[in-house]
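For reference, the structure discussed in these notes is given below.
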Amino acid sequence: MLFIANAEGWPGIPTTVEMLRAGSDGLTAMVAGISKVEAETKVRSVGHGGWPNMLGVMECDAAVMDGTTRAVGSVGAVPDTIPVARLAHEVMKRLPHVMLTGAGARRFATETGFSVDDVLLEDSKRVWWERLEKEMTPEQKAAFPDTPLAPLLKTITDPERVRDTTVYLSADATRGIHAATSTSGWAWKYPGRLGDSPIPGAGFYADSRYGAAACTHTGEMTMRCATSRTIVLAMKLGYSLSDAVKLAVDELNELTEGFLGGVVIHAVDAKGNHEVVNFRCQGEIRYWLWDDSMPEAELRAAKTI
Ligand code: GLY
């Protein structure tokens, strides 16, 4: 068994490891772990501790993928809901659809018994408004929210504040290789913006025969390159894990226009290898690693590429 997660995924690591060790399927174990991350207000990139969109509304994205069946459940821009990875899992289990967004996702949450949660912290609301107020002209402020938001996007939206989408990848006792993600996305994003975390192939992909990948940071790049699917497809075509990751990084590196930033790639193969690489992110990037020879998960440093 193998499990890797981004550093900020810490609140759920013991839960997921314990459940994997007890023989749980990987998706159930990872969703249980991520639910703890989403409820932890100290983690400022996901769920209750995350940042709102430009209107001060929390819109969360999450997804799960079963690498054995390639079933996916995904939710995007979901308001008023904290355990969004669990909601994505319900989409996968109950619906003929892959992805629900916005009001439809919230409606499905209510139909399946999820509470309506006040996701935005008072402190996040204060920081959101202070920053917005500073950037707006008196005319924009008087008209807000009935003022065009796109002109504000250049100065306010803040991908760097959300440095660490939650990504979990595991190979469970039955050799199922699965992926799960959750995030509140860019801070002060344009309402309705989806990042890569709910997009299969971009923010995550899993195929139990070959491996899985998931990305954090600049979703605007991994969506353009289908980074996670590229890695898994390259392994299917015979690339080693490290060559598959290198191919995906080369593709990111080819982008010269549009919004460019850092990306962290987390990837595992079906032989039990893993790679976590930092492409252009500032500072040291770390991740959690656990396999069944280890008493508990350890924090490791990602390779800078
Ligand atoms: N990678 C997370 C996002 O772009 O929202």
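The figures that follow rest on heavy atoms only: side chains count, while hydrogens, waters and symmetry mates do not. Order of appearance sets the numbers: ligands from 1, and atoms from 1 within every ligand.
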Which of the atoms in ligand 1, numbered in the order shown and given with their element, are less than 4.0 Å from a heavy-atom of Gly185?
5 (O)
Would you check if the side chain of Ser228 reaches a backbone N or O of Ala202 as a donor-acceptor pair within less than 3.5 Å?
yes
Between Glu220 and Arg193 (salt bridge meaning N to carboxylate O under 4.0 Å), is one present in this structure?
yes
For Asp196, the option from Thr218, Thr165, Thr183, Thr222 that meets side chain to side chain donor-acceptor pair (under 3.5 Å):
Thr222
Any atoms of ligand 1 less than 4.0 Å from a non-hydrogen atom of Thr165? List them with their elements.
1 (N), 2 (C)
With hydrophobic residues grouped by side-chain heavy-atom distances under 4.5 Å, do Val268 and Tyr168 end up in a single group?
yes
Note: ligand 1 atoms sitting under 4.0 Å from heavy atoms of Ser197 are 2 (C)
Number the atoms of ligand 1 from 1 as they appear, then name those within less than 4.0 Å of a heavy atom of Gly219, with their elements.
1 (N), 4 (O)
Sub-4.0 Å heavy-atom contact, Arg193 with ligand 1:
yes
Would you mind running through ligand 1 and noting each atom that sits below 4.0 Å from a heavy atom of Asp196?
1 (N), 2 (C), 3 (C), 4 (O)
One should read off an interatomic distance between Lys125 NZ and Met58 CE, to the nearest 0.5 angstrom, of 13.0 Å
Gly203 heavy atom under 4.0 Å from ligand 1:
no
For His217, take its heavy atoms, then give the atoms of ligand 1 lying under 4.0 Å from any of them.
1 (N), 2 (C), 3 (C), 4 (O)
Keeping Trp51 on the side-chain end and Arg44 on the backbone end, is there a donor-acceptor pair under 3.5 Å?
yes
